[in-house]
Amino acid sequence: MTNHTYRARARRRGRAGTTSLACAVAFATVPALMLGPGAAPAAAAPLPGGLGPCVSATQPPDPTTCPSPFPPIANDPIKGRDNAINIYVGDDYLVRGRAAEAEGRIVVLDTFDMNKAVAEGVYNIGEVGVGSKVPPAAGADWLTTGGDITVATGQRLLAEAGVVRHAGTVTGVVEATLVQNDAAAAPYTALRDQLTAASQCYARVEGSPRTPTGTAENQGGQTLFTGDGSSALQVFNVDFDMEAANEGQQGIVFEDIPDGATILVNVFGADRSLRTFSGGIADTDPLNAYRERLLWNFPDATAIDLAGTGQFQGSFLMGNQASATTVSLPGINGRFFTTGSLTHTSVGESGGQEFHAYPFNGDLPACDTPNTVTGDVRVVKTDAETGALLAGATFQLWEETNGMPGLQTGGATPDTSVGEPCVTGADGVCEETVETGTYYWQETEAPDGYDLPANPVFGPLVLTEENAEAGVSVEADNSATPAVTGEVRVVKTDAETGDPLPGATFQLWEETNGVPGLQTMGATPDTSLGAPCVTGADGVCERTVETGTYYWQETDAPDGYDLPADPVFGPLVLTEANAGAGVTVEADNSATPAVTGEVRVVKTDAESGDPLPGATFRLWEETNGVAGLQTGGGDPDTLVGPPCVTGADGVCERTVETGTYYWQETDAPDGYDLPADPVFGPLVLTEANAAAGVTTQASNSRTPIPPGTGSVRLFKTDADSGMPLRGATFELWEETNGVDGLQTDGDTPDTRVGTPCTTGFAGMCGFGDLDHGTYYLRETAAPDGYDLPADPVSGPYVVSAEQEAVFVTLDNERGAEPGPGPDPCEPKGYGDEGYGEEGYGHEGGYGDECPTGKARKARV
């Protein structure tokens with residue numbers, strides 16, 4: 001796998017006709033397997049060492065690249081490979097309770113200690129059963145430790161396809177390729193101080209908290225983060241625990257966050273907790289939209305507790321090296337970087353807690369770099385016979401970092417590549433400004449007409465403080481290779497008449513990746529040659545090239561013609577034997593006459609006639625021969641294109657071929673009702689009216705504004721363990737008789753509201769659509785094995801404009817002869833009152849003692 005370094009440096013690609021590129025980044029050199037794209041502009045930067053983005057595995061044996069976009073949480077086949085660090089721990093990594101898995105690469109500067117609460121437990125690292133399904137490359141380092149690895153008797157640590165590189169001893173069962181190296185963690189130790197400095201930098205400017213762009217408010221049932229709606233970096237400062245009263249769970253909600261913005265949440269305080277049900281498996285969960293640009297930064301805390309029942313989203317940074325972080329959330333979906341210790345555990349009998357590998361792609365505040373000693377390392381490319389300087393040679397600079405003499409570019413511990421490849425200019429020079437150290441120049445491509453040297457590695461070049469001002473150089477020469485050339489041609493014709501066609505655009509490609517057929521994309525595409533060619537009156541495109549295998553790819557058909565189903569023509573094999581005559585292929589096109597025009601709908605207010613934005617329409621074409629629009633059944637009409645949302649002019653329009661069409665309104669603008677008949681048409685587009693197009697008008701009436709409504713939601717728990725309880729039944733009563741307390745009978749009782757609710761798998765249920773007022777909850781049935789409270793009535797609870805959503809936590813004591821309790825093999829998710837599957841704990845929250853029913857690795 002190719003490595004990169006992120007030192008402050010300047011690159012020059014040759015002296016003639018080139019420019020200098022200066023690259024300043026936030027922190028000093030770190031090993032490459034953690035790194036992603038280059039540094040951001042001065043106003044923004046990535047995490048230290050380029051941590052955060054996905055890093056593709058570009059070398060054998062597993063050259064799979066990063067997926068784009070990253071897939072949702074699932075139990076699917078592998079979707080890609082990511083060699084970036086997903087979990088970094090500056091102290092000890094402890095696995096306790098019933099924690100299950102940690103996806104992605106892990107670096108631990110001290111010990112890794114596994115001692116789960118079950119006798120025969122397993123813990124998967126690197127590749128897991130359920131997650132993003134983007135593990136590290138097979139054969140790469142999946143776990144690196146600076147201390148011992150200890151696995152309790154009877155338990156197993158699984159990293160089957162990866163390497164576990166450890167500085168200390170290994171005790172217990174570790175299923176992986178084990179490599180002992182006293183300096184295993186040495187390449188990553190500097191990163192600890194860099195992360196601490198970054199955490200402080202993100203949180204404070206000149207000792208004062210960084211100015212927020214929005215507000216954070218703990219409202220009891222939720223913490224609401226309200227952005228400014230415009231800033232590319234949304235900054236929030238939190239100086240409270242993100243939990244409900246009595247250490248209850250709450251929601252985490254973001255509002256007014258611009259698309260693509262980075263969210264930085266600075267959590268201040270020495271002892272902080274987060275207890276939440278927010279975040280789900282499905283990517284429709286609102287919190288998931290911010291996952292890859294959301295960073296939770298704890299700069300000061302020494303004790304951090306991340307708990308609850310949510311599949312929580314975003315990356316974490318704990319900057320205090322004395323910190324201890326405990327994670328019992330079912331899932332954390334993002335990078336996790338702590339300079340202190342980490343305990344991955346569970347609460348009570350719950351299990352299956354996981355880390356899932358997702359990148360952090362946000363732009364963070366730039367932080368200053370320390371001054372370093374730098375100098376130039378150069379290579380000069382010359383002709384082996386004449387000594388003339390050669391342009392067009394491609395070189396890659398490498399730094400000696402693995403302690404082994406000579407350059408190693410592959411294997412488990414390669415040296416570190418520096419920057420992007422450099423192509424020599426007219427002066428034959430490639431040079432990089434780098435920090436002191438030992439370097440090699442590797443020639444990867446010779447200039448046109450020349451062969452690579454038998455040994456394409458030049459060096460070592462040792463840059464010291466003494467020679468840094470002058471720099472160090474090495475000369476590399478190439479011998480010319482005589483080339484045999486000939487023409488490769490394509491002839492474009494009309495499929496019916498055979499006449500030559502002008503105006504077809506072709507791109508020539510050379511077969512260079514060793515895979516049969518043309519590959520224009522992916523990690524190793526074939527090579528495109530020159531600019532596109534447009535056929536002239538003779539229908540011909542031709543190019544003089546060296547012997548080899550080529551393809552012509554048609555990218556644009558002549559006007560009035562379609563591209564062929566397969567627009568690739570070849571292979572054309574040019575050899576020394578046929579180079580004089582050249583090689584030719586014929587490509588034909590079929591004409592497709594079409595008359596098009598616009599079909600429009602204009603959305604207006606039914607009373608004022610003003611245009612209305614925000615209405616969603618779908619366009620349908622009449623194709624089944626039945627009058628009117630049919631959108632379902634065995635033979636529906638045909639949907640045309642994606643939905644359209646009206647703008648400020650109230651218009652949706654689409655350019656289509658002649659025919660009969662209908663506009664169907666699927667969503668009315670905010671504050672308006674859908675029409676009784678949401679279908680508008682038919683609109684008949686003909687050759688006669690195509691130039692002007694056809695239009696229909698659709699109006700909406702405003703939705704009557706309802707009275708203020710609210711909700712009362714409750715969370716039922718075991719009084720001793722705090723675990724959720726299902727099966728508790730409640731009635732809701734409204735205070736209506738003017739007498740304090742709840743009266744359910746007599747001449748003037750209070751008023752019961754709605755139907756009773758029964759708590760579901762997560763111990764939750766609730767009542768909605770409530771007017772503002774005062775309410776009481778009465779428990780009428782306790783969960784199996786539990787007693788009703790001595791007073792089954794709780795309240796009063798006030799629903800008002802200031803707090804329309806009331807969240808209540810209630811508990812029960814077990815009975816003298818406890819029943820079986822909740823089925824441990826049932827999901828421990830939310831109840832039936834509007835809480836979907838995405839709110840479940842890990843994989844539906846099954847306990848470790850029950851199978852998940854999914855194809856996954858062995859686990860507790």
Side-chain angles (χ1 to χ4, degrees), residues 1-5 7 9 11-16 18 31-33 56-61 63 375-434 437-463 471-484 510-515 523-527 529 546-548:
M1 193 194 79
T2 301
N3 292 353
H4 304 278
T5 189
R7 293 185 172 184
R9 61 182 178 262
R11 178 181 307 121
R12 192 173 64 74
R13 302 231 177 220
R15 294 189 176 90
T18 62
L33 290 178
S56 294
T58 57
Q59 296 291 333
D376 290 340
V377 289
R378 309 177 195 88
V379 61
V380 182
K381 171 56 65 177
T382 60
D383 183 292
E385 295 184 7
T386 67
L389 299 171
L390 294 180
T394 303
F395 285 90
Q396 177 65 55
L397 183 63
W398 294 80
E399 183 179 7
E400 173 61 63
T401 58
N402 66 359
M404 291 184 281
L407 173 61
Q408 292 81 41
T409 63
T413 57
D415 291 311
T416 303
S417 68
V418 179
E420 301 299 323
C422 169
V423 179
T424 58
D427 61 356
V429 173
C430 274
E431 66 181 11
E432 290 269 2
T433 301
V434 293
T438 300
Y439 297 88
Y440 304 89
W441 282 106
Q442 177 195 25
E443 187 172 0
T444 58
E445 291 186 36
D448 289 344
Y450 287 83
D451 290 332
L452 278 173
N455 180 9
V457 177
F458 303 93
L461 296 90
V462 181
L463 187 70
V472 288
S473 298
V474 66
E475 184 172 313
D477 57 35
N478 292 85
S479 298
T481 304
V484 177
E510 182 179 6
E511 172 61 63
T512 56
N513 65 358
V515 180
T524 57
D526 292 311
T527 303
L529 298 180
E546 297 179 12
T547 55

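Here the structure is a predicted model, which is why all the values come from computation and not from measurement.
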Worksheet item: Around atom CD of Glu445, are there more than 12 heavy atoms of other residues, nucleotides or ligands at under 6.0 Å?
Response: no
Worksheet item: Are more than 12 heavy atoms from other residues, nucleotides or ligands located less than 6.0 Å from atom CG of Asp451?
Response: yes
Just by modelled atom types, is the [Y] backbone N or O under 3.5 Å from a matching donor or acceptor in the [X] side chain?
| X | Y | result |
| --- | --- | --- |
| Glu420 | Gln396 | no |
| Asp383 | Ala388 | no |
| Tyr440 | Gly406 | yes |
| Ser473 | Val380 | no |
| Asp415 | Asn402 | yes |

Practice prompt. Applying side-chain contact (heavy atoms from CB on, under 4.5 Å) between Asp376 and each of Val472, Leu463, Thr433, report the one that passes.
Written response: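 It is Thr433, the one option of Val472, Leu463, Thr433 that forms the side-chain contact (heavy atoms from CB on, under 4.5 Å) with Asp376.
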Distance-minimising heavy-atom pair for [X] and [Y]:
| X | Y | result |
| --- | --- | --- |
| Pro447 | Ala391 | CB-O, 3.4 Å |
| Gly392 | Val423 | CA-CG1, 3.7 Å |
| Pro456 | Ala454 | CD-O, 3.6 Å |
| Phe395 | Cys430 | CD1-SG, 4.3 Å |
| Asn513 | Thr524 | ND2-O, 2.8 Å |

Worksheet item: What's the verdict on side-chain contact (heavy atoms from CB on, under 4.5 Å) for Glu443 and Leu452, showing C-alpha distance, side-chain angles and the deciding distance?
Response: CA-CA 7 Å; Glu443 187 172 0; Leu452 278 173; 3.4 Å; yes
Worksheet item: So Trp441 and Glu432, side-chain contact (heavy atoms from CB on, under 4.5 Å) or not? Walk me through it.
Response: CA-CA 10 Å; Trp441 282 106; Glu432 290 269 2; 3.8 Å; yes
Item to complete: Check side-chain contact (heavy atoms from CB on, under 4.5 Å) between Val462 and all other residues, then give those that pass, not counting sequence neighbours.
Response: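 Val462: side-chain contact (heavy atoms from CB on, under 4.5 Å) contacts with Thr438, Thr464.
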Worksheet, complete the sentence: dist Asp477:CG -> Phe458:CZ (nearest 0.5 Å) comes out at 7.0 Å
Worksheet item: For Thr547, which residues count as a side chain to side chain donor-acceptor pair (under 3.5 Å) partner, sequence neighbours excluded?
Response: none
Fill in: Sub-4.5 Å side-chain heavy-atom contact between Leu407 and Gln442
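Yes. Closest side-chain heavy atoms under 4.5 Å.
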Worksheet entry | Student check: side-chain heavy atoms of Gln408 and Thr413 closer than 4.5 Å | no
Fill in: Audit row: Leu397, Val434, side-chain contact (heavy atoms from CB on, under 4.5 Å) steps and yes/no
CA-CA 10 Å; Leu397 183 63; Val434 293; 4.0 Å; yes
Discussion item. Under the rule for salt bridge (charged side-chain N to carboxylate O under 4.0 Å, His left out), what residues qualify as partners of Glu511, not counting sequence neighbours?
Written reply: none
